[in-house]
Amino acid sequence: MHTEIAPPANFIRQIVEDDLHSGKHKTVVTRFPPEPNGYLHIGHAKSIWLNFSLAQAFGGVCHLRMDDTNPLKEDAEYVEAIKRDVRWLGFDWGDKEYHAADYFQEFYDCAVQLIKLGKAYVCDLSADEVREYRGTLTEPGRPSPWRERSVEENLELLSRMKNGDFADGTRTLRAKIDMASPNINLRDPAIYRIRKAHHHRAGDAWCIYPMYDYAHCISDSIEGITHSICTLEFENHRPLYDWFLDTLELPVHPQQIEFSKLKLQYTMLGKRKLREMVEGGLVAGWDDPRMPTLAGLRRRGYTPEAIRDLCEKVGVTKSEVWTELSYLSECVRNDLNTKAHRVMGVLRPLKLVLTNYPEGQIEELDAAYFPEDVGLPGSRKVPFGRELFIEQEDFMENPPKKYFRLQPGAEVRLRRAYIIKCQEVIKNEAGEVVEVHCTYDPDTKSGGSGEHRKVKGTIHWVEATTSVTAEVRLYEELFTVEQPDNIKDGDFRDFLNPHSLVVLEARLERSLFPSKVGDRFQFERQGFFIKDLDSTAEKPVFNRIVPLKDGWAKVLQKQ
RNA sequence: UGCCCAGUAGCCAAGUGGUAAGGCAACGGUCUCUGAAUCCGUCAUUCGUAGGUUCGAUCCCUACCUGGGCAGCCA
C-alpha cells in the first residue's frame with residue numbers, strides 16, 4: 001500500500017483545511033502581491049512559496065497581483081523582473097495576473113459609497129497637522145475640524161480632488177473611524193492622497209491614488225481571495241482591513257492571516273539598503289551573486305528547488321527568527337548532490353611532475369560523472385600526463401598530524417588515476433614550493449588490477465597541457481554581522497565582509513571547456529560551481545555556489 | 001508609557017491538559033579512489049520567569065521579564 005507523506009503542517013494550512021471542512025470555502029484562492037518598486041529577494045521567496053504551494057495543495061489558485069498604488073515609487077521595469085523571478089522559482093499563475101491599478105475605478109466607487117454612508121470625509125489638514133491631531137501612542141487623537149462635512153460637500157470635494165483641482169498634499173480623503181482608538185491605524189486613516197503623477201500603468205487618468213490599507217482589502221475582495229496572507233507588520237492593520245470590508249458592500253470578505261518573514265543571518269533584506277548597495281557600487285548589480293535577490297541567488301547558482309526546500313523546512317510561524325545560513329547551504333548541497341556532474345578543477349594550482357612517466361604521453365582515463373551512491377550514469381575521458389597541477393593545499397612539506405595528502409616521501413592517490421610518491425620539492429629563491437616531483441606506480445591505475453592498493457589520501461588534479469585556465473569566483477557572506485538589517489551604531493557599510501568575493505585563476509579539466517552558461521558542476525573536494533555569464537570563448541568563469549563540507553578544516557580547528 | 005504579537009536545544013520547528021516529533025548544526029562511529037555523500041548512534045528530566053487552577057500544566061489563568069511591530073498623504 002502506498003502511504004502518502006503528509007505535507008508539512010503549519011497554522012495557515014490548518015486554517016485553510018478547517019475552512020474547507022466547515023464549508024466556509026469551496027476552494028482556495030491566494031495571492032502574491034508584490035509592489036513593483038524593486039527586485040524580489042529570498043524573503044519574498046517564502047511568501048511566493050507559501051501562497052502558491054498552499055493553493056496548489058488544495059487544488060486552488062494563486063494570483064499574481066502587482067500592488068501598484070503609488071506612482072512615485074513604482075516602475076514597469078520591475079514588473080517584468082518580478083514575473084521572471086516568480087517563474088524561475090517554479091510557480092505559475094496562469095492567466096491570473098492582476099494589477100491593483102486596474103481597480104482604480106472600483107476603489108473610487110467604494111470611496112463614494114463610504115462618503116454616502118457617512119464613513120469618510122475630505123480633510124483639509126496638512127500632513128503635519130494630521131500628525132498633530134493623531135495623538136501619540138499613549139494619548140488619543142483629536143477629531144479633524146473637517147470631520148463633519150456634509151455628504152454633498154464631501155462628494156463634491158472628492159470629485160474635484162480626482163479631477164486635479166487641488167494641489168498635491170492639500171487634502172486627503174479619510175475614513176471616519178475612531179480618533180481615540182488605541183490602534184493608531186484606526187484613527188481616521190487616509191484613503192486617498194492627491195498625487196498629480198504619471199502612473200506606469202494607469203497613465204495620467206488619476207490625480208488621486210489610494211492608500212495600501214484601503215486598496216489591498218478591496219483588491220482581495222474583487223479577486224475573490226479566500227485567504228490573504230501577509231507578514232507580521234500588518235497585524236495591527238487587520239482591524240482596518242476588516243473595517244473596510246465590513247462597511248463596504250463587497251461580495252466576499254477574505255481572511256487576513258499574518259506570518260513572520262524569512263530572515264537569514266548575515267543577510268540584509270531591507271529594500272532601500274539593497275538599492276543603496278547596487279547604486280553605491282558596493283556590489284556589481286541586482287544580480288551580483290552575493291546579493292539575496294532572487295536574481296542574485298540565481299546567478300550564484302542556487303536552484304529553485306533548494307530555495308523551496310528551505311521555505312518548507314523552516315516552516316511557517318509567527319515567531320520572528322533569524323535562520324542560520326547553514327540551513328540554506330545544506331538545502332543547496334542536498335539538491336545539487338544528485339544533479340551536478342563530478343569534475344576536477346584545481347583552484348590554486350601547484351605544478352607536479354611525474355619523473356617516471358613518459359614525456360609527451362597522454363592517456364585518457366575513464367571518469368564517471370557520479371559516485372556510486374548517487375547511482376546516475378554518464379562518464380567522460382580525462383587526459384593524464386607527465387605534468388599535472390594539484391591543489392596547493394594538498395601538498396605540505398611539514399604537515400600537521402593526520403594530514404593524509406601529499407608530503408615528502410609519502411604516497412597519495414591521484415583521483416581516478418595512479419598512486420604517486422613524492423620524491424623531491426622544488427623551491428624558488430623565496431623558499432616557496434613551486435613544483436613537486438613524484439614517481440607514479442603504473443600498477444595502481446584506477447580500474448586496473450592493482451587499483452585496490454590502499455593509501456590514506458586521494459587528491460584531485462588536472463593535466464597541465466590540456467586543462468583550461470578559468471576565472472573562479474569564491475563567495476562568502478556580504479556582511480560580518482549576524483543581523484545587518486539591525487545595526488544599531490554605525491552604517492551597514494562599516495560591516496561589509498572584505499572577503500565576500502575572492503577571484504582565482506584556476507585550471508579545470510578539458511571537459512569543462514564546452515560547458516554552457518548556467519551549467520552546474522561539483523568540482524570534487526571543493527564545492528559546487530556554476531558557469532557564469534561573464535564567460536568568454538577564451539576564458540570560462542565559474543561561480544562557487546557553495547563549498548563542500550570540510551572535515552579536514554574541523555580536524556585542524558581542534559588541533 | 002498605550003495597543004498588538006511572539007518566546008519549546010546553538011539555529012528552525014511539532015506538540016496545546018496525561019508526561020517533549022522532525023530538520024539544520026554539533027559530536028562519536030561506519031564506509032569511502034571526493035577528509036564530500038552514505039549509514040549508524042548521541043544530543044531538552046524540561047518548554048522565558050514567578051505564582052495560581054488541576055489528580056496531573058509546554059498547553060488554562062494572572063503578573064512579570066525579554067524580543068518584535070505600530071504615531072507615512074509608504075507598502
Side-chain angles (χ1 to χ4, degrees), chain A residues 8-10 33-35 37 67-70 72-74 123 125-127 130-131 134-141 168-174 181-187 189-195 208-209 211-213 215-216 230-239 258 260 265 271 310 312-331 333-334 337-338 342 344 371-374 402-405 412-417 419 444 446-447 451-460 522-527 547-555:
Chain A
N10 63 61
E35 184 188 16
N37 71 339
D67 208 355
D68 48 2
T69 53
N70 186 350
L72 267 27
K73 293 192 169 180
E74 296 141 10
C123 180
L125 256 27
S126 70
V130 168
R131 192 171 13 258
R134 188 158 33 223
T136 68
L137 294 177
T138 52
E139 302 160 281
D168 284 15
T170 54
R171 275 171 236 260
T172 53
L173 180 71
R174 294 223 259 161
S181 172
N183 182 342
I184 291 181
N185 295 125
L186 263 21
R187 317 239 265 232
I191 292 175
Y192 270 107
R193 73 283 216 189
I194 301 173
R195 285 250 199 293
I208 54 172
Y209 290 93
M211 300 292 293
Y212 166 85
D213 286 309
H216 203 91
C230 62
T231 44
L232 254 24
E233 67 267 33
F234 293 104
E235 219 162 7
N236 293 335
H237 295 239
R238 189 172 357 115
E258 311 84 16
S260 67
Q265 293 184 348
K271 259 189 181 177
L310 177 76
E312 214 164 292
K313 280 181 167 144
V314 297
V316 180
T317 66
K318 297 183 75 160
S319 44
E320 292 225 22
V321 293
W322 296 81
T323 298
E324 289 180 343
L325 247 17
S326 66
Y327 221 148
L328 210 209
S329 315
E330 192 45 30
C331 290
R333 284 190 205 102
N334 188 44
N337 183 43
T338 54
R342 268 58 166 181
M344 292 195 284
E372 254 177 73
D373 65 301
V374 173
K402 292 187 184 165
Y403 184 84
F404 304 144
R405 285 113 96 146
V412 80
R413 174 170 285 281
L414 291 178
R415 177 118 168 107
R416 297 175 164 134
I419 291 174
T444 57
S446 296
E451 76 164 348
H452 297 301
R453 220 186 104 199
K454 298 287 181 198
V455 286
K456 216 48 167 144
T458 299
I459 64 175
H460 61 277
Q522 183 193 107
F523 293 179
E524 287 185 295
R525 302 210 308 133
Q526 291 289 170
L548 252 31
K549 283 184 190 165
D550 189 350
W552 173 237
K554 286 179 190 170
V555 174

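Below, chain A is the first sequence line, B the second, and so on; all start at residue 1.
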Undergrad: Have a look at T136(A) and say if it touches a base, only the backbone sugar-phosphate, or nothing, with a 4.0 Å heavy-atom cut-off.
TA: base
Undergrad: For E35(A) and A75(B), give me the distance from atom CD to atom C1', rounded to whole Å.
TA: 5 Å
Undergrad: Checking H460(A) against R525(A): is there a side-chain donor and acceptor pair closer than 3.5 Å?
TA: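 Looking only at side-chain atoms, H460(A) and R525(A) do form a donor-acceptor pair, the distance falling under 3.5 Å.
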Undergrad: For the side chain of R195(A), counting heavy atoms from C-beta on, which of C3(B), C74(B), C70(B) is nearest?
TA: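 Out of C3(B), C74(B), C70(B), the nucleotide with an atom closest to R195(A)'s side chain is C74(B).
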Undergrad: Do R195(A) and I208(A) come close enough that some side-chain heavy atom pair is under 4.5 Å?
TA: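 Heavy-atom side-chain distance check fails, nothing below 4.5 Å.
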Undergrad: Looking at K73(A) and E35(A), does any basic side-chain N land under 4.0 Å from a carboxylate oxygen?
TA: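 No, no charged N to carboxylate O under 4.0 Å.
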Undergrad: Want to settle it: does E235(A) or H452(A) sit nearer the 5' end of RNA chain B, counting the closest nucleotide to each?
TA: E235(A)
Undergrad: When rounded to the nearest Å, what value does the distance between P atoms of G67(B) and C27(B) take?
TA: 31 Å
Undergrad: Would you say K554(A) places a side-chain N or O within less than 4.0 Å of OP1 or OP2 belonging to A26(B)?
TA: yes
Undergrad: Counting Watson-Crick and G-U wobble pairs only, both distances under 3.5 Å, name the nucleotide matched with A50(B), or none.
TA: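 Across all strands, the one nucleotide that pairs with A50(B) is U62(B).
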Undergrad: If pairing requires Watson-Crick or G-U wobble contacts with both distances under 3.5 Å, which nucleotide is the partner of A57(B)?
TA: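 Check on A57(B): unpaired, no WC or wobble geometry under 3.5 Å.
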Undergrad: Any strand is fair game: report the nucleotide pairing with G2(B) by Watson-Crick or G-U wobble, both distances under 3.5 Å, or none.
TA: C70(B)
Undergrad: Looking across every strand, which nucleic acid part, if any, lies under 4.0 Å from V316(A) by heavy atom: base, sugar-phosphate, or nothing?
TA: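 Sugar-phosphate contact only - V316(A) comes under 4.0 Å of backbone atoms but never of a base.
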Undergrad: For R405(A), which contact category applies under a 4.0 Å heavy-atom criterion: base, sugar-phosphate, or nothing?
TA: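 It contacts base atoms.
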Undergrad: For the P atoms, the ones on U19(B) and on C40(B), what distance do you get once it is rounded to whole angstrom?
TA: 28 Å
Undergrad: Can you check whether R238(A) reaches N183(A) side chain to side chain, under 4.5 Å on heavy atoms?
TA: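 R238(A) does not reach N183(A) side chain to side chain.
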Undergrad: Touch check for S319(A), heavy atoms < 4.0 angstrom, all strands: base, sugar-phosphate only, or nothing?
TA: sugar-phosphate
Undergrad: Round to the nearest Å and state the distance from L325(A) atom CG to C11(B) atom C1'.
TA: 11 Å
Undergrad: Between N236(A) and L328(A), which has a closest nucleotide on RNA chain B that is more 5'?
TA: L328(A)
Undergrad: Hey, does S181(A) reach any base, or is it just sugar-phosphate, or nothing, if we go heavy atoms under 4.0 Å?
TA: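 Answer is nothing: S181(A) stays at 4.0 Å or more from every strand.
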Undergrad: Give me the distance, rounded to whole Å, that separates G15(B) from G22(B) when you measure between the C1' atoms they each carry.
TA: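 G15(B) and G22(B) have their C1' atoms separated by 11 Å.
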Undergrad: Pick the P atom in U45(B) and in C3(B), then give their distance to the nearest Å.
TA: 37 Å
Undergrad: Please state the P separation for the pair A25(B) and C39(B) - nearest whole angstrom.
TA: 13 Å
Undergrad: Has the side chain of E372(A) got a donor or acceptor that lies under 3.5 Å from a partner of the other kind on the base of U32(B)?
TA: no
Undergrad: Please work out if N70(A) contacts a base, only the sugar-phosphate, or nothing of the nucleic acid, heavy-atom cut-off 4.0 Å.
TA: sugar-phosphate
Undergrad: Using a heavy-atom cut-off of under 4.0 Å over every strand shown, decide if A127(A) touches base, sugar-phosphate, or nothing.
TA: base
Undergrad: Do V412(A) and V455(A) come close enough that some side-chain heavy atom pair is under 4.5 Å?
TA: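 With C-beta onward as the side chain, the pair stays apart.
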Undergrad: NZ of K549(A) versus P of A25(B): gap in Å, rounded?
TA: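 Between P of A25(B) and NZ of K549(A): 4 Å.
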Undergrad: Return the set of residues passing ring pair (Phe, Tyr, Trp, His ring centres under 6.0 Å) with Y192(A) (not counting sequence neighbours), or none when no residue passes.
TA: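 In terms of ring pair (Phe, Tyr, Trp, His ring centres under 6.0 Å), with neighbours along the sequence ignored, Y192(A) is linked to Y214(A).
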Undergrad: Rounded to the nearest angstrom, tell me the gap between atom NE2 in H216(A) and atom P in C74(B).
TA: 17 Å
Undergrad: When all nucleic acid strands are considered with a 4.0 Å heavy-atom cut-off, which category describes F523(A): base, sugar-phosphate, or nothing?
TA: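 Nothing, no nucleic acid heavy atom in range.
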Undergrad: Quick check: Y403(A) with W552(A) (ring centres under 6.0 Å apart)?
TA: yes
Undergrad: Taking the six-membered ring for Trp, does Y212(A) stack with A75(B) (centroid gap under 5.5 Å, planes within less than 30°)?
TA: no
Undergrad: Look through every strand shown and name the nucleotide pairing with C24(B) as Watson-Crick or G-U wobble, where both distances are under 3.5 Å.
TA: G10(B)
Undergrad: At under 4.0 Å between heavy atoms, what does Q522(A) touch on the DNA or RNA strands: base, sugar-phosphate, or nothing?
TA: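 Counting heavy atoms under 4.0 Å across all strands, the contact made by Q522(A) includes a base.
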Undergrad: Under 4.0 Å: is that the gap between some side-chain N or O of R193(A) and OP1 or OP2 of C74(B)?
TA: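 For C74(B), OP1 or OP2 has a side-chain N or O of R193(A) closer than 4.0 Å.
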Undergrad: Centroid distance below 5.5 Å plus an interplanar angle below 30 degrees: do F404(A) and G35(B) meet both conditions?
TA: yes
Undergrad: Can you tell me how far P of G10(B) sits from OH of Y327(A), to the nearest Å?
TA: 16 Å
Undergrad: Heavy atoms only, 4.0 Å cut-off, all strands: where does R134(A) land among base, sugar-phosphate and nothing?
TA: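 Here R134(A) touches the backbone only, sparing every base.
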Undergrad: NA contact type, S260(A), heavy-atom cut-off 4.0 Å: base, sugar-phosphate, or nothing?
TA: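 Nothing, no nucleic acid heavy atom in range.
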Undergrad: Between A14(B), U34(B), A37(B), which nucleotide has the shortest distance from any of its atoms to the side chain of T458(A)?
TA: U34(B)
Undergrad: For the side chain of R525(A), starting at C-beta, report the closest nucleotide among C11(B), U34(B), A13(B).
TA: U34(B)
Undergrad: Considering only the P atoms, how many Å lie between U54(B) and C64(B), rounded to the nearest integer?
TA: 24 Å
Undergrad: When all nucleic acid strands are considered with a 4.0 Å heavy-atom cut-off, which category describes M344(A): base, sugar-phosphate, or nothing?
TA: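 Counting heavy atoms under 4.0 Å across all strands, no contact is made by M344(A).
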Undergrad: Considering only atom C1', compute the distance from G2(B) to A44(B) and round it to an integer number of Å.
TA: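 Those two atoms are separated by 37 Å.
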Undergrad: Evaluate the side-chain proximity of T444(A) to R413(A): yes if any heavy-atom separation is below 4.5 Å, no if none is.
TA: yes
Undergrad: Between atom CG in N183(A) and atom P in C70(B), what is the gap in whole Å?
TA: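 N183(A) atom CG is separated from C70(B) atom P by 12 Å.
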Undergrad: Between G18(B) and U66(B), how far apart are the C1' atoms? Round to whole Å, please.
TA: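 My reading of the C1' atoms in U66(B) and G18(B) gives 31 Å.
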Undergrad: For the pair made of CD1 in I184(A) and C1' in G2(B), what is the distance, rounded to whole Å?
TA: 8 Å
Undergrad: So what does L137(A) touch, heavy atoms closer than 4.0 Å: a base, only the sugar-phosphate, or nothing?
TA: base
Undergrad: Base, sugar-phosphate alone, or nothing: which one does K271(A) contact when heavy atoms must sit under 4.0 Å apart?
TA: nothing
Undergrad: If anything within 90° of 0 is syn and all else is anti, what is G22(B)?
TA: anti
Undergrad: Would you say the side chain of R131(A) and the base of G72(B) hold a donor-acceptor pair, judged only by whether the two atoms sit under 3.5 Å apart?
TA: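 Side chain to base: no pair below 3.5 Å.
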Undergrad: Is there a Watson-Crick or G-U wobble partner for U38(B) with both distances under 3.5 Å, and which nucleotide is it?
TA: none
Undergrad: Less than 4.0 angstrom from a charged side-chain N to a carboxylate O is my criterion; do E524(A) and R416(A) meet it?
TA: yes
Undergrad: Of the nucleotides A13(B), C24(B), C5(B), which has the atom closest to the E324(A) side chain?
TA: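 For E324(A), the side-chain atoms sit closest to C24(B).
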Undergrad: Between C73(B), C11(B), G2(B), which one does the side chain of V130(A) approach most closely?
TA: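 It is C73(B).
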Undergrad: If you go through the side-chain atoms of E330(A), does one of them form a donor-acceptor pair with the base of G23(B) closer than 3.5 Å?
TA: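 Per atom types, no contact qualifies.
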Undergrad: Using whole Å, what does the distance between atom P of nucleotide C3(B) and atom NE2 of H237(A) come to?
TA: 18 Å
Undergrad: Any ion pair linking K313(A) and E330(A) (charged N to carboxylate O, less than 4.0 Å)?
TA: no
